Number of protein chains: 2
Amino acid sequence: MIHLDQHERAELLRAIAHPTRLAVLEELRKGVRCVSDIKDLLEIPQPNVSQHLTILRKERLVSYYIDGKLRCYYLTRPSLVESLLDFLNGEYPVETLTHDEVCGSKAD
Amino acid sequence: MIHLDQHERAELLRAIAHPTRLAVLEELRKGVRCVSDIKDLLEIPQPNVSQHLTILRKERLVSYYIDGKLRCYYLTRPSLVESLLDFLNGEYPVETLTHDEVCGSKAD
DNA sequence: GCATCATATGCACATATGCGAATATCATAG
DNA sequence: CTATGATATTCGCATATGTGCATATGATGC
């Protein structure tokens with residue numbers, strides 16, 4: 001088990017907080033993908049894919065195994081990533097609280 | 001209900017993905033706080049607090065009501081923020097998958 | 001060995017971010 | 001109207017980030 005401090009939490013979030021990296025994680029969620037798979041699926045240059053994978057690797061969100069000449073990437077912590085992606089994908093109410101609600105229930 | 005595209009999801013995450021802003025959200029989670037409360041609690045300069053609050057406001061994560069000369073900030077979407085903070089605070093297993101596990105269960 | 005395919009790394013450049021310091025705004029009290 | 005307290009905004013600067021491009025690495029096949 002691991003506990004992250006505020007700084008580590010921010011770093012983890014920042015690694016995920018990029019449109020391309022979110023897309024990469026969504027793909028890896030569906031299954032193992034090699035770099036050129038991702039490149040073709042997302043239609044971005046191969047070096048760019050590698051750059052983003054490097055960032056995700058640094059946060060230990062993904063890893064890979066070698067299959068012939070391919071590097072097959074997969075989610076290292078699928079439950080963490082999947083719950084976060086689910087969370088982001090989910091529809092959620094924009095429950096803008098009224099002043100009364102805030103003053104009544106949350107003040108201390 | 002709202003659905004975010006990949007870019008909006010990244011922006012939302014980036015707004016949260018900062019140590020100070022995480023700390024601000026943790027404070028607001030406990031209750032309503034005015035700017036100088038936050039400044040004192042986090043021990044950072046007041047303009048810096050305002051800067052971070054501006055970013056959080058832009059993502060509609062926080063809002064405020066005026067009480068005399070104070071601006072009392074609160075979480076606009078507490079359930080969203082709280083589940084995300086809980087998620088980050090939670091201990092989670094570092095379930096680094098083995099190659100066999102990945103190849104067996106996730107390949108397609 | 002050499003050629004090739006798959007991937008990674010380095011560099012250059014533009015843009016974004018974070019922060020301190022100074023200053024502006026804005027409501028309230030007097 | 002002026003002063004004051006609370007908060008916001010602007011500016012300047014250092015640093016970080018993102019990307020394209022060229023190139024390096026590394027394994028495989030011949």
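Hydrogens, waters and symmetry mates play no part in the numbers below; they use all other heavy atoms, side chains included. Just so we're clear, the structure is a prediction, and the values are computed from it rather than from any experiment. To find a chain, count down the sequence lines: A is the first, B the second, and so on, and within it residues start at 1.
- Contact between the side-chain N/O atoms of A/Thr54 and the OP1/OP2 oxygens of C/dT9 is found at a separation under 4.0 Å.
- In this entry the distance linking CG of A/Leu70 with P of D/dT25 reads 21 Å, nearest Å.
- Straight-line distance from the CD1 atom of B/Ile55 to the P atom of D/dT10: 14 Å, rounded to whole Å.
- Candidate nucleotides D/dT17, C/dA8, D/dT19 were compared by shortest atom distance to the side chain of A/His52, and D/dT19 ranks first.
- For D/dT17, neither phosphate oxygen OP1 nor OP2 lies less than 4.0 angstrom from any side-chain nitrogen or oxygen of B/Arg14.
- Rounded to whole Å, atom P of D/dT28 lies 10 Å from atom CG of A/Asp67.
- With contacts defined as side-chain heavy-atom distances shorter than 4.5 Å, the pair B/Val35/B/Leu70 does not qualify.
- Atoms OH (A/Tyr65) and P (C/dA6) sit 16 Å apart, rounded to a whole Å.
- Spacing between atom CD of A/Gln46 and atom P of C/dT4 amounts to 18 Å, rounded to whole angstrom units.
- Rounded to an integer number of Å, the gap from A/Glu11 CD to C/dT17 P is 17 Å.
- For the residue pair B/Leu53 and B/Val62, the shortest heavy atom distance occurs at O-CG2, 4.1 Å.
- Put simply, A/Asn48 has no side-chain N or O that comes within less than 4.0 Å of OP1 or OP2 on D/dG18.
- The shortest heavy-atom contact between B/Leu13 and A/Leu88 is CD1-CD1, 3.6 Å.
- Checking D/dG20, C/dA8, C/dG18 against the side-chain heavy atoms of A/Leu53 singles out C/dA8 as nearest.
- If you measure from atom NZ of B/Lys58 to atom C1' of D/dA8, you get 12 Å, rounded to the nearest angstrom.
- A residue-by-residue look at A/Arg71 and A/Gln51 shows that A/Gln51 has its nearest nucleotide of DNA chain D further toward the 5' end.
- Between A/Tyr73 and C/dA8 there is a side-chain N or O to OP1 or OP2 distance below 4.0 Å.
- Of the side-chain N and O atoms in A/His18, none sit less than 4.0 angstrom from OP1 or OP2 of D/dA16.
- Here B/Arg21 does not pair with B/Glu26 in a salt bridge; the nearest charged N to carboxylate O distance is not below 4.0 Å.
- Side-chain proximity of A/Lys69 to D/dA22, D/dT17, D/dT28: nearest is D/dT28.
- Across all strands, A/Ser36 comes closer than 4.0 Å only to sugar-phosphate atoms, never to a base (heavy-atom distances).
- In this structure, A/Lys30 does not pair ionically with A/Asp37, as no charged nitrogen and carboxylate oxygen lie closer than 4.0 Å.
- Straight-line distance from the NZ atom of A/Lys39 to the P atom of C/dA6: 9 Å, rounded to whole Å.
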